[in-house]
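Before any comments, here is the structure.
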Amino acid sequence: MVVVRFGGDVTPNTEVGLSPEVLARASLILQYVVSKNVEWLEPLGCSVDEYGFKCDFKSLSGEWPDERLVRRLEELAVKADAEGVEIVFEGFSTNELLKLLDHTGVYRVNGVSLYLEPEVKPSGDPIGAVLIKNVSSHNPLPDLSLVRLVGVAFRSREELNAWIEWYNEAVKRDHRLLGQKLDLFSFHDEAGSGLVIYHPKGQVIREELIKLMREVNKRLGYEEVYTPHVYKSILWRISGHYTLYRDKMVLAEVEGEEYGIKPMNCPGHILIYKTRMRSYKDLPIKFAEFGTVYRWEKRGELYGLLRVRGFTQDDGHAFLTEEQVKEEIKAILSEIMYVLSIFGIKANDIRVYLSTRPEKYIGTEEMWGKATEALRNALEELGIPYSVKEGEGAFYGPKIDVHFKDSIGRWWQCSTIQVDFALPERFGLEYIDKDNSRKRPVVIHRAILGSIERFMAIMIEEFEGKLPTWLSPVQVVVIPITKEVQQYADEVYRVLDEEGVRVIKDYEDETLQKKVRKAYDQAIPYIVIVGRKEAENRTVSVRGRGNIQVSNVPLELFVNELKNEIRERAVTQKALEVLKAKVGTQ
RNA sequence: GCCGCCGUAGCUCAGCCGGGUAGAGCACCGGCCUUGUAAGCCGGGGGUCGCGGGUUCGAAUCCCGCCGGCGGCUCCA
């Protein structure tokens, strides 16, 4: 039974009201003021999405807009619209470049023909504020580099200010900042970019996530294995990675033999399958591994923990008969939904995609049809809303991806279920069927968290660093009010420690205020304060997040409720709620 | 990899535009205070200004290259 707990109210609402119509109007007016004021920039149309507009221009002189010009354009756009701009829809362009950019909608703006993606209509009301966030290049073709202005626009300056406020708040949730502040992980020039160094606290989070996934693997029947990080290149030739993926692989020649660091775990698991003759009675066979893989992403593509070069997948491979595919997908999907519910991830912050057969593919249409239907039926039978990405599947099979949102609204793929017809073929995998014939099994690749790094980053941002207690590196800090009660504080510490709670004590020669402040800054879920009163009655004062305190809590009661909260992997501070109900607030 | 911006103490940043021997807050160390709930007071140590080259009498500051970071693009099998 799957319990889906969507809609958890643990995070502030990060949605901001950007109107596509307003963005569309701003896009046209921006192009208009460029056409009137910057003779070396040729407008090539704009597109609009839920986070702003993107306008492309061709630089006729090779110059690029600088900060000053950008600020001037913002002003000119608002000024022009205030003075009156007439926008008339003219039709659709058949220009090849505009078609390539999907900017085929043509509008006459004060007599100048300008372009916009056809899916959106400009607002009739004048814009009040434009902010160009960035000037970058857009390369729709390898040898074509366009100037791209990325920005937001609003009806009024007040709306812009509200957006800026939201944006500044969102930036504070950035996992890269929190990772440093909370002492979770770091990156170093000397180590190499995209290579994470986990500190003790970050490693605790990793371990908790892995522990959770071990439980999931057990339920799904995946047996954990362990495979090397480096294999001879011949293996990568067999798997096809050597030709398809070589530019992202780390290769090294040792003693006249070339080796490659693994970018994927599947070949290792396949070798296990191949160690003996398999019968239909053995299937499904499922292997899981917390496998660390290395993919040499290009430098500009790296991004905190969300895009790294070395990362650990909660990887798993199932070897199945065609008939077993649907059931397996359903089971995995259920577990994905269960795992997401543990983190209280809101439905708005998830997108599920089904990617279908691309133009270039291997296998038969029949195989693709069956596998795609299996994925689709699994989604529908579980009632999971999804969108279809036509032709976006891998060349080797269709897939389901689950994407989550980061603090500033960018989407990242985490969970994935991929059906694979290619690897069984390339490695010549077989099983003996009932009729004694040799059959080829289907392989499903699946990862539920996806990459531990990426998932951790999303969770840090989702919770603004204030992770649920079970995930928190430090769960309790014990603070004695004076030295006199240090002995009792020691006892409280020892009891918690012996019960397996991650507890620290703060005996610094500092004021109580400062220690409480420090604990809040470190996002420690429970601050336990003990003074003479507590020592006498064998109680504790418990301070939770949100400045909530419950006093006179019997020590044993606190320990038990805390242990429950951790065991249940509660999203909220459940123990605090229970204590509040039982003991009452101060 | 492409375009733009950025790199000053452990952290956050000022100084750079108009070159003249490096500063603040936090953190750290020491002392005072002996604490009842989100930064107590005083003092101290700490930086070849990312690296390399150039211009200059003189470079954190100007120029070039490299490394690293950020925002986009491309990519993410």
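Chain letters run A, B, ... following the sequence lines, proteins first, then strands; residues in each count from 1. Small disclaimer: the values here were computed from a predicted structure and weren't measured.
Nucleic acid contact for A:Lys514: sugar-phosphate only, since backbone atoms but no base atoms lie under 4.0 Å from a heavy atom of the residue. A:Glu392 comes within 4.0 angstrom of nothing in the nucleic acid, heavy atoms only. Heavy atoms of A:Thr511 sit under 4.0 angstrom from at least one base atom. Here A:Arg148 lies in heavy-atom contact (under 4.0 Å) with sugar-phosphate atoms only. If you check every strand for non-hydrogen atoms under 4.0 Å, A:Gln413 touches nothing. The residue A:Lys515 sits apart from the nucleic acid: no heavy atom pair falls under 4.0 Å. A:Arg176 comes within 4.0 angstrom of sugar-phosphate atoms only, judged by non-hydrogen atoms across all strands, and of no base. Residue contacts for A:Val135: at a heavy-atom cut-off of 4.0 Å it reaches a base atom on one of the strands shown. At the heavy-atom level, A:Lys133 lies nowhere under 4.0 Å from the strands shown. Using a 4.0 Å heavy-atom criterion, one finds that A:Asn547 contacts the bases of the nucleic acid, with or without backbone contacts as well. Backbone-only contact: A:Asp189 has heavy atoms under 4.0 Å from sugar-phosphate atoms and none from a base. Looking at heavy-atom distances under 4.0 Å, A:Pro65 makes no contact with the nucleic acid at all. Across all strands shown, A:His241 has heavy atoms under 4.0 Å from base atoms, whether or not it also approaches the sugar-phosphate.
For B:A22, there is no paired nucleotide, since no Watson-Crick or G-U wobble pair has both relevant distances below 3.5 Å. With a cut-off of 3.5 Å on both pairing distances, B:A60 has no Watson-Crick or G-U wobble partner at all. Base pairing of B:G7 is made with B:C67, judged by Watson-Crick or G-U wobble geometry with both donor-acceptor distances under 3.5 Å. When both distances must be under 3.5 Å, the Watson-Crick or G-U wobble mate of B:G1 is B:C73. Under the Watson-Crick and G-U wobble criteria, each requiring two contacts below 3.5 Å, nucleotide B:C49 is left unpaired. Pair assignment for B:G40: B:C32, on the basis of Watson-Crick or G-U wobble contacts that are both within less than 3.5 Å.
Rounded to a whole Å, the CH2 atom of A:Trp296 is 19 Å from the P atom of B:C76. The separation between A:Leu302 atom CG and B:C67 atom C1' is 14 Å, rounded to whole Å. At whole-Å resolution of the value, CG in A:Leu182 and P in B:C11 are 16 Å apart.
Between A:Glu561 and A:Lys582 a salt bridge is recorded (basic side-chain N to carboxylate O distance below 4.0 Å). A:Arg72 and A:Glu75 are not joined by a salt bridge, as no carboxylate oxygen comes within less than 4.0 angstrom of a charged side-chain nitrogen. Taking a cutoff of 4.0 Å between a charged side-chain nitrogen and a carboxylate oxygen, A:Arg173 and A:Glu464 qualify as a salt bridge.
In this model, no side-chain donor or acceptor of A:Thr482 finds a partner on the base of B:G36 within 3.5 Å. At a cut-off of 3.5 angstrom, counting only N and O atoms as typed in the model, there is no donor on one side facing an acceptor on the other between the side-chain of A:Gln180 and the base of B:G10. Side-chain N/O atoms of A:Gln513 and base N/O atoms of B:U37 include no donor-acceptor pair closer than 3.5 Å. Evaluation of atom-type donor-acceptor distances gives a pair under 3.5 Å for the side chain of A:Asp509 against the base of B:C33. No donor-acceptor contact under 3.5 Å links the side chain of A:Ser137 to the base of B:C73.
Taking the side chain of A:Tyr396 as heavy atoms from C-beta on, and the options B:G72, B:A77, B:U74, the nearest nucleotide is B:A77. Listed nucleotides: B:U74, B:A77, B:C3. Nearest to the side chain of A:Glu301: B:U74. Nearest nucleotide to the side chain of A:Lys248, out of B:C76, B:G72, B:G36: B:C76. Closest to the A:His138 side chain, of the nucleotides B:A77, B:C73, B:G36, is B:C73.
Taking atom P in both B:A22 and B:A9, the straight-line distance is 14 Å, to the nearest Å. Distance noted for atom P between B:G23 and B:G65: 32 Å (whole Å). Using P as the reference atom, B:C51 and B:A60 are 11 Å apart when rounded to the nearest Å. Look at the C1' atom in both B:U8 and B:C16: the space between them is 11 Å, to the nearest Å. For the P atoms, the distance linking B:C29 with B:C67 amounts to 38 Å, nearest Å. For the P atom pair drawn from B:G7 and B:C62, the interatomic distance equals 10 Å after rounding to whole Å. Comparing the P positions of B:A24 and B:G19 gives an interatomic distance of 25 Å, to the nearest angstrom. Rounded to a whole angstrom, the distance from the P atom of B:C13 to that of B:U74 is 29 Å.
Closest-nucleotide positions on RNA chain B for A:Asp521 and A:Tyr303 were compared, and the one nearer the 5' end corresponds to A:Asp521. If you find the closest nucleotide of RNA chain B to A:Lys54 and to A:Arg517, the one lying nearer the 5' end belongs to A:Arg517.
In this model, the phosphate group of B:A38 is approached by a side-chain N or O of A:Arg543 to a distance below 4.0 Å at OP1 or OP2. Under 4.0 angstrom from either OP1 or OP2 of B:G68 there lies at least one side-chain N or O belonging to A:Arg299.
An aromatic stacking contact links A:Tyr245 with the base of B:A77, defined here by ring centres under 5.5 Å apart and ring planes under 30° from parallel.
In summary, the aromatic rings of A:Tyr353 and A:Trp411 are positioned with their centroids too far apart to meet the 6.0 Å limit.
Environment of CD in A:Glu119: crowded, with over 12 heavy atoms of neighbouring residues, nucleotides or ligands closer than 6.0 Å.
No side-chain heavy atom of A:Asn265 sits under 4.5 Å from any side-chain heavy atom of A:Phe287.
Taken from OG1 in A:Thr243 to CG in A:Asp247, the straight-line distance is 11.0 Å, to the nearest 0.5 Å.
Taking the six-membered ring where the residue is Trp, A:Tyr396 and A:His445 present tilted rings, their angle falling between 30° and 60°.
Checked options A:Trp236, A:Tyr242, A:Tyr259; the residue passing with A:Tyr231 is A:Trp236 (criterion: ring pair (Phe, Tyr, Trp, His ring centres under 6.0 Å)).
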